[in-house]
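Worksheet for the structure shown next.
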Amino acid sequence: MAFVKDIFEKNFIDYASYVIRDRAIPELADGLKPVQRRILHTLFETDDGKFNKVANVVGQCMKYHPHGDASIYGALVVLANKELFIEKQGNFGNMFTGDSASAPRYIECRIKNLARDILFSPTVTDYVPSYDGRNKEPVTFPAKLPLVLILGAEGIAVGMSTKILSHNVKEVIEAEKKCLRGQKFTLYPDFATGGLCDVSAYADGLGKIVVRAKLDLSDEKKIVITELPFGSTTETLMNSIESAAKAGRVKISSINDYTSDRANIEIKLPRGVYAKDVVPALYAYTECEQSISCNLLVIRDNMPVRMTVTEVIQYHAEALKGILKKELEAERASQMEKLHLRTLERIFIEERLYKKIETQTTAEDVDKAVRDGFVKFKKELIREINDEDIEHLLKIPIRRISLFDINKNRSEVEAIKARIAEIDSLLSDLVSYAISVLSAIDSKIDKEQKIRHTEITTFEQVDKKAVIRRDTALKYDDKGNLGTKVSGGKPVLQVSPYDRIFFMRANGMYSITSQAPEKLFVGNGMWHCCLGDKENLSAVLFTIIYKDPKSKCAYIKRCRISGYIMNRDYMIVDDDAEILHVDTRERFGFKVNFAKKGRVKATSEVFDASSFSEKGLKAQAVRVSPKEITSVELVDDSVIDALPKEKDAEEQKSLF
């Protein structure tokens, strides 16, 4: 058993690690999940400037992603709809209506040049073998922008999840520039569907936001939804409005969807109802307002880490300088190599060193002749000559030697030296260079993508109790049913569908429902029914008069109900007690009728309920009289006014 347990524990840890790092949580370095990275890598490899069938791209990507074509296709559509890296052709769905994309064989895509500017840099990219070892794929792309904030992400792993909201690309670039300059910056989410957003609790990416649909109220008899809140489509939004209308929370006449490339939902109102009266209910009971919690969880240094938006920008500002430094150093090395080869070619041809190999008969002699020829020009060389250099010189065709242009060679050398000097200058001030690179990327982004779509604002949370109307009758019939859909019963209360309801049955059992019941059997005989809110219920003083089954005496209990669990039954007195009367008045009179026994002369006695003290819900009841009783009757106030004033509840004997 211990062996099996060890196997399960190891396999679970491996599985959890795989799901966290390789599927659900994005990498901080390039903001991509593995499937997104593999899609972009495939598009870079297959790019020929023409559109490719998505089905073909998916098939090519399966060389790197071993989880089936469906996951690749779905991820490609989502990534393409971000419209940052992939150019689309065909029906890729509609983010407003929620309509899905066409089949992969009908739609086409290709990589944008912007993706190369931001992600593609093979000289500084680390590659690893693919899952079958036949190909190589990037560990991460050297991203020049914090894509985790621009694209956003959502994923559920083992024991953790991430919810990263998308941000405006131009604002992210400006924030990174400010970070490089050492200035303060603030970033807030931006969504392609538009809408309104309250970011007062955003907490730099670790809190929550409240989003609302944007409404056109220019016509008081009609409401037009022109922008959707994040996370909603026209279909889900209309369904929520229709459900609210059926439940009586929102009063509408009709709702129609005219959405195309922009959201347009028209809500017509019934006679006597105006737009300003309906708006609060739309925000309270439909998807027109939603609260979204954020959790900026990413993979950093191969580990899941929670970060703030500010920390992500700071990380990428430093990472950008590192990427640019590596690219410049790689280019400088390439330019130095090019300069070295141009110098070799010039000396080899100008000094006629190639003449020395004409009389050589073996490869070794040729090699030695070339090396010896360069000895006296050693100071002009960038580095020592190696075998590859000699091979390069020997492959120069005769035509090129005969047509060799000294001036052209010198101009190329000067250009190379100028570029090397420029690279050295850029390396000496990476901050300024990084800012210029970000500005260049910004200039290549489409203007439409740089426009902020979501309006940042603040608004008060709508109180559902304040907007709902208590215009539904709660009825109780002679069959013992209580509810809003009980027919033929007697109205008890005017309620809303979301009011809590308190009721006490004939046996003293009481309950508080979480909302007004449609039809609930409570039994024949109900002592009391009222709204079950704590504020309302705690204001009610219950007076319970009951008969103890053992002593046959009358007892009284005066208390308030404050703490409770909804939809749970409670007993106000002992289970076997016979409840004679329940009242909610502060003062009333009642007469106790005694059983006729032996020398008992008095057949009844009148009491003032207010003379008995109010106690806690769990406190014991007070005995009214030591005599056995038969019944209890209510009396007029004039009767209790005539009672002796000295009678006090403290004189009554307790049960114990």
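What you see below is based on every heavy atom in this structure, not just the backbone, and it leaves out hydrogens, waters and symmetry mates.
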- Item | Carboxylate-amine/guanidinium proximity below 4.0 Å for Arg500 and Glu535 | no
- Item | Within 6.0 angstrom of Arg262 CZ, more than 12 heavy atoms from elsewhere | no
- Of all heavy-atom pairs between Val492 and Cys529, which one has the smallest distance, and what is that distance? CG1-CB, 3.8 Å
- Euclidean distance, Ser240 OG relative to Gln290 CD, rounded to 0.5 Å: 8.0 Å
- Decide side chain to side chain contact (heavy atoms under 4.5 Å, CB included) for Ile225 and Cys288; before the verdict, give the C-alpha distance in whole Å, the side-chain angles of both, and the deciding distance to 0.1 Å. CA-CA 9 Å; Ile225 300 175; Cys288 286; 4.0 Å; yes
- Give the ring-plane orientation class for Phe502 versus Tyr510, where under 30° counts as parallel, over 60° as perpendicular and anything between as tilted. tilted
- Message: Using modelled atom types and a 3.5 Å cut-off, is there a donor and acceptor pairing between side-chain atoms of Thr630 and backbone atoms of Asn593?
- Response: yes
- Would Arg212 count as a cation-pi partner of Phe459, with NZ or CZ less than 6.0 Å from the six-membered ring centre and within 45° of the ring normal? yes
- Find out whether Leu617 and Ile572 are in side-chain contact, i.e. whether some heavy atom of one side chain is under 4.5 Å from a heavy atom of the other. yes
- Item | Reported CE-to-CD1 distance for the pair Met571 and Ile579, which is rounded to 0.5 angstrom | 6.0 Å
- Note on the structure: Leu541 and Arg560 have their tightest heavy-atom pair at N-NH1, 3.7 Å
- Could you please spell out the steps behind the side-chain hydrogen bond (donor to acceptor under 3.5 Å, both in side chains) verdict for Asp636 and Ser638? CA-CA 5 Å; Asp636 294 335; Ser638 59; 4.7 Å; no
- Message: Over 60° means perpendicular and under 30° means parallel, so tell me whether Phe230 and Phe191 are parallel, tilted or perpendicular.
- Response: parallel
- Item | Lys221 (side chain) donor-acceptor with Val273 (main chain) under 3.5 angstrom | yes
- Query: Salt-bridged, Lys214 to Glu227, with N to O below 4.0 Å?
  - Reply: yes
- How about Gln314 and Cys179: do any of their side-chain heavy atoms sit closer than 4.5 Å? yes
- Under the 3.5 angstrom rule, does the side chain of Asn94 hit a backbone N or O of Ser260 as a donor-acceptor pair? yes
- Task: Give a yes or no answer on whether the side chain of Tyr476 reaches the backbone of Val522 with a donor-acceptor pair at less than 3.5 Å.
- Result: no
- Message: Quick check for you: to the nearest 0.5 Å, what is the distance between Cys294 atom SG and Ile209 atom CD1?
- Response: 5.5 Å
- Quick check: does any side chain N or O of Arg558 sit under 3.5 Å from a backbone N or O of Ala609, one acting as donor and the other as acceptor? yes
- Item | Intermediate values then yes/no, salt bridge (charged side-chain N to carboxylate O under 4.0 Å, His left out), Arg587 and Asp641 | CA-CA 11 Å; Arg587 185 173 185 262; Asp641 289 340; 2.8 Å; yes
- Hey, are the side chains of Leu282 and Ile267 touching, using non-hydrogen atoms and a 4.5 Å cut-off? yes
- Query: If you count the non-hydrogen atoms of other residues, nucleotides and ligands that lie under 6.0 Å from CD in Glu633, is the total more than 12?
  - Reply: yes
- Message: Quick one, Val298 with Thr162, criterion side chain to side chain contact (heavy atoms under 4.5 Å, CB included). Give me CA distance, side-chain angles, the key distance, then yes/no.
- Response: CA-CA 7 Å; Val298 294; Thr162 186; 5.6 Å; no
- Check Ile313 against Pro146 and note the closest heavy-atom contact, atom names and distance. CD1-CG, 3.9 Å
- Query: Which pair of non-hydrogen atoms, one from Tyr285 and one from Ala244, has the smallest distance, and what is that distance?
  - Reply: O-CB, 4.0 Å
- Message: Counting C-beta onward and ignoring hydrogens, is there a side-chain heavy-atom pair between Ile292 and Pro229 closer than 4.5 Å?
- Response: no
- Message: Can you confirm whether Ile501 sits close enough to Pro517 that some side-chain heavy atom of one is under 4.5 Å from a side-chain heavy atom of the other?
- Response: yes
- Query: Rounded to the nearest 0.5 Å, what separation is found between the CD1 atom of Ile629 and the OG atom of Ser551?
  - Reply: 9.0 Å
- Message: For a 4.5 angstrom cut-off between non-hydrogen side-chain atoms, does Val592 reach Leu580?
- Response: no
- Could you tell me the separation between the OG1 atom of Thr603 and the NZ atom of Lys627, rounded to the nearest 0.5 Å? 9.0 Å
- Counting N and O atoms only, with roles assigned by atom type, does the side chain of Asp190 sit under 3.5 Å from a partner on the main chain of Thr454, one being a donor and the other an acceptor? yes
- Message: Does the structure place the NZ or CZ of Lys178 under 6.0 Å from the centre of the six-membered ring of Phe185, at an angle of no more than 45° from the ring's axis?
- Response: no
- Task: Locate the shortest heavy-atom distance separating Ser610 from Glu586; write the atom from each residue and the value.
- Result: CB-O, 3.6 Å
- Flag, side chain of Thr286 to backbone of Ile241, donor-acceptor distance under 3.5 Å: no
- Take Asp583 and Thr543 through the test side-chain hydrogen bond (donor to acceptor under 3.5 Å, both in side chains) and record every step on the way to the result. CA-CA 5 Å; Asp583 214 302; Thr543 301; over 6 Å; no
- Query: Backbone N or O of Ser496 within a donor-acceptor pair of the Asp499 side chain at under 3.5 Å?
  - Reply: yes
- Message: I'd like to know if the side chain of Lys163 reaches the main chain of Gly155, judged simply by a donor and an acceptor atom lying under 3.5 Å from each other, with no hydrogens or angles considered.
- Response: no
- Item | Rounded distance [0.5 Å steps], CE in Met95 versus CG in Asn81 | 8.0 Å
- Message: Does Lys591 form a side chain to side chain contact (heavy atoms under 4.5 Å, CB included) with Val639? I'd like the steps, not just the answer.
- Response: CA-CA 10 Å; Lys591 181 172 71 172; Val639 177; over 6 Å; no
- Sequence neighbours excluded, which residues qualify as ring-ring contact (aromatic ring centres under 6.0 Å, His included) partners of Phe588? His581
- Message: Between Asp204 (side chain only) and Thr308 (backbone N and O only), is there a donor and an acceptor less than 3.5 Å apart?
- Response: no
- Message: Determine whether Lys615 and Cys559 satisfy the following criterion, side chain to side chain contact (heavy atoms under 4.5 Å, CB included), listing intermediate values before the conclusion.
- Response: CA-CA 5 Å; Lys615 296 185 178 181; Cys559 62; 5.9 Å; no
- Note on the structure: So side chain to side chain donor-acceptor pair (under 3.5 Å) across residues 479-488, not counting sequence neighbours, yields Asp477-Asn481
- So Phe542 and His528, would you call those rings parallel, tilted or perpendicular, with 30° and 60° as cut-offs? perpendicular
- Item | Heavy-atom check, side chain of Ser253 versus side chain of Leu269, under 4.5 Å | no
- Please examine the side chains of Ile561 and Val540, heavy atoms only from C-beta on, and report whether any two atoms are closer than 4.5 Å. no
- Would you name the heavy atoms of Tyr202 and Tyr188 that are closest together and state the gap between them? CD2-CD2, 4.0 Å
- Message: Could you check whether Lys547 makes a cation-pi contact with Tyr555, meaning its NZ or CZ is under 6.0 Å from the centre of the six-membered ring and within 45° of the ring axis?
- Response: no
- Message: Tell me whether Glu242 at atom CD has more than 12 heavy atoms from other residues, nucleotides or ligands lying less than 6.0 Å away.
- Response: yes
